[in-house]
Amino acid sequence: MNFIQAILMGIVQGLSEFLPISSSAHLVFTSNFYKVFKGIEIVQSSNEEVFFDIMVHLGTLIAVIIFFRKDIMNILKAIINAVKNKNWENNEAKLGLFIILGTVITIALALPINEIAEKLVYTPSIVGILLFITGLTLLYSEYKSKKLESKTDKMTVKSSILIGLAQGLAALPGFSRSGWTIATGLFCGLDRVTAARYSFLLSIPIILGASMVYPLIKIDIHEALQYNWTAIIWGTIVSAIVGYLCIKYFMKFISKFSLAIFGYYCIIAGIATAIFFTVYA
C-alpha cells in the first residue's frame with residue numbers, strides 16, 4: 001500500500017459509497033487495475049489492503065454521521081422518550097425501530113453470503129457483471145416509481161424489511177448498497193429523498209459493526225505495526241471529506257433528478273470492466 005494508491009482509493013470510496021454505483025466494486029476495480037498496469041498478479045489481497053478497505057469505509061461512516069448528526073440525535077432522543085413514555089407514535093422513534101429492524105435483516109442475509117463476497121474480490125470480471133445488474137435495477141426502479149400515482153415519506157415494517165434484505169444482498173461486490181436500498185425504497189413507494197435518507201442512516205450500524213469486529217478478530221498487532229500508516233490515515237481522511245461532499249450534493253441531486261444516469265453508468269462500467277478483466281487479468 002503506497003501513498004498515491006491510498007489517496008486514489010480514498011477518493012473512490014468517498015465518491016462511490018453514497019452514489020448508487022457500488023463502492024466495493026470500484027475498490028475492487030481500482031485495486032486490480034493498479035495491479036494489472038503494474039504487472040502484479042491478481043491474487044488474494046494482503047492483510048494491509050483488507051485493513052485499508054475497512055479504514056476507508058470508516059472514513060465514509062464518519063462522513064454520514066457528521067452530515068446526519070441532527071437526524072441521529074433526534075432519533076436517539078425520540079427513542080429515549082418513547083421508552084420513558086411507552087408511546088411509539090413519534091415518527092422519528094419509529095424510524096429508529098425501522099433502522100434496527102433493517103439492520104437485523106441485513107445481518108441475517110449478509111453473514112451466509114459473506115464467504116462468497118470475499119471470493120468475488122479476486123474475480124473482478126464477475127463483479128463487473130453484478131454492477132451491470134445493479135444498473136438494470138436502478139433503471140427499472142425509476143420506471144416502476146414513475147408508474148405510482150403517489151409517493152410517501154413514511155417508512156413501514158414491510159419497506160424496512162425489504163430494504164434490509166437489499167442491503168444484505170449488497171454484501172456482494174458489484175451490488176451497490178445505496179443503489180439497491182434506494183431502488184427498493186422506490187419499489188415500496190417511497191419518494192427519492194426519504195429512500196436515500198433511510199439508506200444512508202441504515203448504513204451506519206453496518207459499517208460501524210464491520211469496522212469494529214474485523215480488527216478484533218483478524219488483525220495481527222505485530223503485523224499491523226509494519227503497515228504504511230501514513231498512507232492508511234490519509235486515505236481515510238480523504239474518504240471522509242469526499243464522502244461528506246458526495247452526500248451533500250447527492251441529496252440535492254436526488255430531490256430533483258432520477259437515478260437513471262447512475263443506472264446507465266453502472267451498465268456501461270459493468271460491461272467494460274467485465275470485458276477488460278476477462279481479457280487482461
Side-chain angles (χ1 to χ4, degrees), residues 17-18 20 57-114 141 144-145 148-171 176-217 240 243-244 247-248 250-252 254-255:
E17 176 63 33
F18 303 112
H57 274 82
L58 184 60
T60 49
L61 171 65
I62 294 170
V64 75
I65 289 175
I66 292 175
F67 187 87
F68 287 104
R69 61 191 181 279
K70 292 182 180 179
D71 299 69
I72 295 170
M73 289 305 299
N74 289 337
I75 291 171
L76 292 175
K77 288 178 181 177
I79 290 176
I80 292 172
N81 289 332
V83 172
K84 287 181 178 179
N85 302 323
K86 298 181 180 180
N87 185 338
W88 293 87
E89 293 303 314
N90 182 279
N91 288 331
E92 294 299 283
K94 289 181 181 178
L95 179 59
L97 291 180
F98 292 145
I99 290 172
I100 294 172
L101 175 59
T103 300
V104 171
I105 297 297
T106 295
I107 294 172
L109 179 58
L111 286 179
I113 64 176
N114 185 60
S141 70
K144 291 292 290 184
S145 180
L148 297 175
E149 295 182 358
S150 62
K151 301 177 183 66
T152 181
D153 61 354
K154 297 292 188 297
M155 289 292 301
T156 65
V157 172
K158 177 183 177 181
S159 59
S160 62
I161 290 175
L162 292 176
I163 294 173
L165 289 172
Q167 182 168 255
L169 191 62
S176 165
R177 192 207 62 79
S178 61
W180 277 76
T181 52
I182 294 174
T184 303
L186 296 182
F187 285 132
C188 293
L190 298 176
D191 62 66
R192 291 192 191 91
V193 173
T194 300
R197 178 176 179 247
Y198 181 75
S199 169
F200 293 154
L201 291 172
L202 186 63
S203 73
I204 294 174
I206 292 299
I207 299 176
L208 180 62
S211 300
M212 292 176 64
V213 171
Y214 183 88
L216 291 176
I217 62 176
Y244 180 88
I247 298 172
K248 178 180 179 179
F250 179 69
M251 291 300 290
K252 292 180 179 179
I254 203 171
S255 66

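Predicted, not measured: the structure shown is a model, and the values here were computed from it. Basis for what follows: all heavy atoms, side chains included, without hydrogens, waters or symmetry-related copies.
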Got a sec, which pairs hit side chain to side chain donor-acceptor pair (under 3.5 Å) with one end in residues 58-80, sequence neighbours left out?
-> Gln13-Thr60, Asp71-Arg197

When you look at Gln167 and Trp180, which way does the side chain to side chain contact (heavy atoms under 4.5 Å, CB included) test go after all the steps?
-> CA-CA 7 Å; Gln167 182 168 255; Trp180 277 76; over 6 Å; no

Intermediate values then yes/no, side chain to side chain contact (heavy atoms under 4.5 Å, CB included), Glu92 and Leu76 = CA-CA 8 Å; Glu92 294 299 283; Leu76 292 175; over 6 Å; no

Side-chain contact test, heavy atoms from C-beta onward, threshold under 4.5 Å: evaluate it for Ile107 versus Ile206 and give yes or no.
-> yes

Roughly how far, to the nearest 0.5 Å, is the CD1 atom of Ile62 from the CD1 atom of Ile207?
-> 11.0 Å

Give the minimum heavy-atom separation between Ser176 and Gly179, together with the two atoms involved.
-> OG-N, 2.8 Å

Pick from Thr194, Leu190, Asn91: which one makes a side chain to side chain contact (heavy atoms under 4.5 Å, CB included) with Lys154?
-> Asn91

Taking side chain as C-beta onward, heavy atoms only, is Pro20 less than 4.5 Å from Phe250?
-> yes

What's the spacing between Phe98 CZ and Thr156 OG1 if we round to 0.5 Å?
-> 6.0 Å

Write down the atom of Leu101, the atom of Ser160, and the distance for their closest heavy-atom approach.
-> CD2-OG, 3.3 Å

All heavy atoms of Gly164 vs all of Ile105, minimum pair found to be C-CG2, 3.7 Å

Just how far is it from atom CD1 of Ile100 to atom CD1 of Ile79, taken to the nearest 0.5 Å?
-> 5.0 Å

Short question: side chain of Ser159, backbone of Met155 - any donor-acceptor pair under 3.5 Å?
-> no

When rounded to the nearest 0.5 angstrom, what distance separates OG1 in Thr106 from CD1 in Ile163?
-> 10.0 Å

Close side-chain approach of Phe68 and Ile247, heavy atoms under 4.5 Å = yes

On a heavy-atom basis, the closest approach of Ala93 and Ala82 is CB-CB, 4.0 Å

Do Asn90 and Leu95 touch side chain to side chain, with heavy atoms closer than 4.5 Å?
-> no

Grab the two heavy atoms, one from Ala166 and one from Thr184, that are nearest each other, plus how far apart they are.
-> CB-OG1, 3.2 Å

Under 3.5 Å donor-acceptor, Asp191 side chain and Val193 backbone | yes

Please round to the nearest 0.5 Å and tell me the distance separating atom CH2 of Trp88 and atom NZ of Lys94.
-> 11.5 Å

Do Arg177 and Ser203 have side chains that get closer than 4.5 Å, going by heavy atoms?
-> yes

What is the distance from atom CD1 of Ile182 to atom CG of Leu186, rounded to the nearest 0.5 Å?
-> 7.5 Å

Using the side chain to side chain contact (heavy atoms under 4.5 Å, CB included) rule, take Thr181 and Tyr198 through it: C-alpha gap first, then chi angles, then the decisive distance, then the call.
-> CA-CA 9 Å; Thr181 52; Tyr198 181 75; over 6 Å; no

Parallel, tilted or perpendicular: rings of Phe18 and Phe200 (30°, 60°) | perpendicular

Taking every heavy atom of Lys151 against every heavy atom of Ser145, the minimum-distance pair comes out as CE-OG, 3.0 Å

Can you tell if the side chain of Thr103 reaches within under 4.5 Å of the side chain of Ile204, non-hydrogen atoms only?
-> no

Do Phe187 and Leu162 come within less than 4.5 Å of each other through their side chains, counting heavy atoms only?
-> no

